[in-house]
Amino acid sequence: MSTKDLDTDEVAEIYDELLKTYETEWAYRGHRSLHLAYYDDDHDEPGSAAMNTMRLLSEAAEVDSSDRILNIGCGAGEDSVWNAQAYGTPVIGVNISESQLEFARENAEEHGVEELTTFNYDNFQTLETVDDDSVTLVWGLEALSHSPDRTQALDSARRVLTEDGRVAFTDLFLRTPVETLSESDRKKIEYIDDALGLRIGDIDGFETTLRETGFENIEIEELTDGIKPCTKRRRKFARVAYPVGRVMEKLGLTTKMQINGLAASSKIHKLIQAGVLGYYMVTADRAETTN
Ligand SMILES: C[S@@+](CC[C@H](N)C(=O)[O-])C[C@H]1O[C@@H](n2cnc3c(N)ncnc32)[C@H](O)[C@@H]1O
């Protein structure tokens, strides 16, 4: 993983650019998720599989109506709306992109949960808008892979959690530390990190960071097989769209960022198939003390 700092404005800019293609997909699929879809026997088309990822995480986190959820990296509000609708829980969503926050507010209104949801501009590294001891669950659906410093992000999560609070995340992780990768795989990861504003880390390292920042009862479940149909679809789309995009870029009809985003989704699928990347669900409880 690159240790380079990651400017939140850069990440917001990447998302603003990629949202142009996502908006078409959202209209077509009828939802606004920005995460990988989890396929199983009951969820075998893109829309329901995208809902399924949120369902899995809510169930693993044992969300209930007494929760107060903080959704870090809330995207266009889909997972905040999901928890507010399914469980009647109040949700605060934070993001570093004003345009996504606008989408999120609109999304909540469309689903009649605007009273339960609040969307604030805030960096999950510091969570300046969130009070200490104020939420029972910190939820991050593919958010922490954007973190340049997971220790700082988890310290902040711990600070805002109540004593019996917990965290729930899903994300892409390296199966083994970056040092163990071949030069060519390392370059692919760097490309993906740069194109999508990510800092992909390894799963064992994340478990250690969780422990060191004061979390216990850590449960890690691998969900890679279920998201493969989704990454495969994205790769298929990218293979067709990439050459067209290159021509469009020359004509000034699309941008390098969009083209790089396509190439990155192709590489993600390849690395998943090669067993370099995995998709994991992680839950943990706030420990009484830090180590
Ligand atoms: C892959 S998207 C997932 C969005 C949403 N959770 C979903 O499932 O649709 C990651 C999100 O994290 C946000 N993000 C990245 N870095 C962030 C930071 N430092 N603070 C807050 N949000 C951040 C991005 O803007 C984006 O909305």
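Note that ligands are numbered from 1 as they come in the structure, with each ligand's atoms numbered from 1 the same way. All residue numbers in this chain count up from 1 along the given sequence.
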Exercise for review: Applying side-chain contact (heavy atoms from CB on, under 4.5 Å), run through I203 and L174 and close with a yes or a no.
Suggested key: CA-CA 6 Å; I203 187 66; L174 292 169; over 6 Å; no
Review point. Will you find, in the side chains of H43 and S48, an N or O donor that is under 3.5 Å from an N or O acceptor?
Key: no
Exercise for review: Report the C-alpha distance between D285 and R166 in whole Å, list the side-chain angles of each, state the deciding distance to 0.1 Å, and finish with yes or no for salt bridge (charged side-chain N to carboxylate O under 4.0 Å, His left out).
Suggested key: CA-CA 4 Å; D285 297 332; R166 61 214 194 278; 5.7 Å; no
Revision key, fill the gap. Honestly, for I72 the part within reach of ligand 1 (heavy atoms, under 4.0 Å) is neither
Study note, to complete from the structure: Note: ligand 1 atoms sitting under 4.0 Å from heavy atoms of T8 are 19 (N)
Review point. Can a donor-acceptor pair be found between the side chains of S97 and N95 at a distance below 3.5 Å?
Key: no
Check your understanding: Should we count OH of Y87 as having more than 12 external heavy atoms under 6.0 Å?
Key -> yes
Review point. Have E78 and N107 got a donor and an acceptor in their side chains that come within less than 3.5 Å?
Key: yes
Exercise for review: May I ask you to identify the nearest protein heavy atom to atom 3 (C) of ligand 1, giving residue, atom name and distance to one decimal place in Å?
Suggested key: L141 O, 3.4 Å
Practice item. Answer with side chain, backbone, both or neither: which part of M54 has a heavy atom less than 4.0 angstrom from an atom of ligand 1? Key: neither
Review point. Purely on distance, is any nitrogen or oxygen of V11 under 3.5 Å from one on ligand 1?
Key: no
Practice item. Just let me know how D79 lines up against ligand 1, side chain, backbone, both or neither, with a heavy-atom cut-off below 4.0 Å. Key: side chain
Review point. Which protein non-hydrogen atom lies closest to atom 5 (C) of ligand 1, naming both residue and atom, and how far is it?
Key: G73 O, 3.5 Å
**Study point:** ligand 1 N/O within reach of G75 N/O, cut-off under 3.5 Å
**Key:** yes
Point to revise | ligand 1 N/O within reach of C74 N/O, cut-off under 3.5 Å | key: no
Review point. N/O of N95 under 3.5 Å from N/O of ligand 1, yes or no?
Key: yes
Exercise for review: State, without any angle test, whether D171 and S145 hold a side-chain donor-acceptor pair at a distance under 3.5 Å.
Suggested key: yes
Practice item. Check each heavy atom of F124 against ligand 1 and say whether those closer than 4.0 Å belong to the side chain, the backbone, both or neither. Key: both
Review point. Crowded around E216 CD? As in, over 12 foreign heavy atoms under 6.0 Å?
Key: yes
Revision key, fill the gap. When distances are taken from atom 2 (S) of ligand 1, the protein heavy atom at minimum range is Y15 OH, 3.2 Å
Revision key, fill the gap. Quick note on ligand 1: atoms under 4.0 Å from a heavy atom of Q100 include exactly 25 (O), 26 (C), 27 (O)
Practice item. For S33, take its heavy atoms, then give the atoms of ligand 1 lying under 4.0 Å from any of them. Key: 9 (O)
Check your understanding: Can you list the atoms of ligand 1 that are under 4.0 Å from a heavy atom of N123?
Key -> 18 (C), 19 (N), 20 (N)
Review point. Does T53 have a heavy atom less than 4.0 Å from any atom of ligand 1?
Key: no
Exercise for review: Taking atom types as modelled, find out whether W139 and N83 have a side-chain donor-acceptor pair closer than 3.5 angstrom.
Suggested key: no
Review point. Could you walk me through whether F169 and I72 pass the side-chain contact (heavy atoms from CB on, under 4.5 Å) check?
Key: CA-CA 10 Å; F169 307 117; I72 58 169; 4.1 Å; yes
Review point. Is the backbone N or O of I268 less than 3.5 Å from a side-chain atom of R234, with the two atoms forming a donor-acceptor pair by type?
Key: no
Check your understanding: Can you tell me which residue and heavy atom of the protein come closest to atom 7 (C) of ligand 1, and the distance to 0.1 Å?
Key -> H35 ND1, 3.5 Å
Exercise for review: List the closest protein heavy-atom neighbour of atom 9 (O) of ligand 1: residue, atom name, distance to the nearest 0.1 Å.
Suggested key: L34 N, 2.8 Å
Review point. Any idea which atoms of ligand 1 are less than 4.0 Å away from a heavy-atom of D122?
Key: 20 (N), 21 (C)
Exercise for review: Consider only side-chain N and O atoms of S80 and N71, and report whether a donor and an acceptor are under 3.5 Å apart.
Suggested key: yes
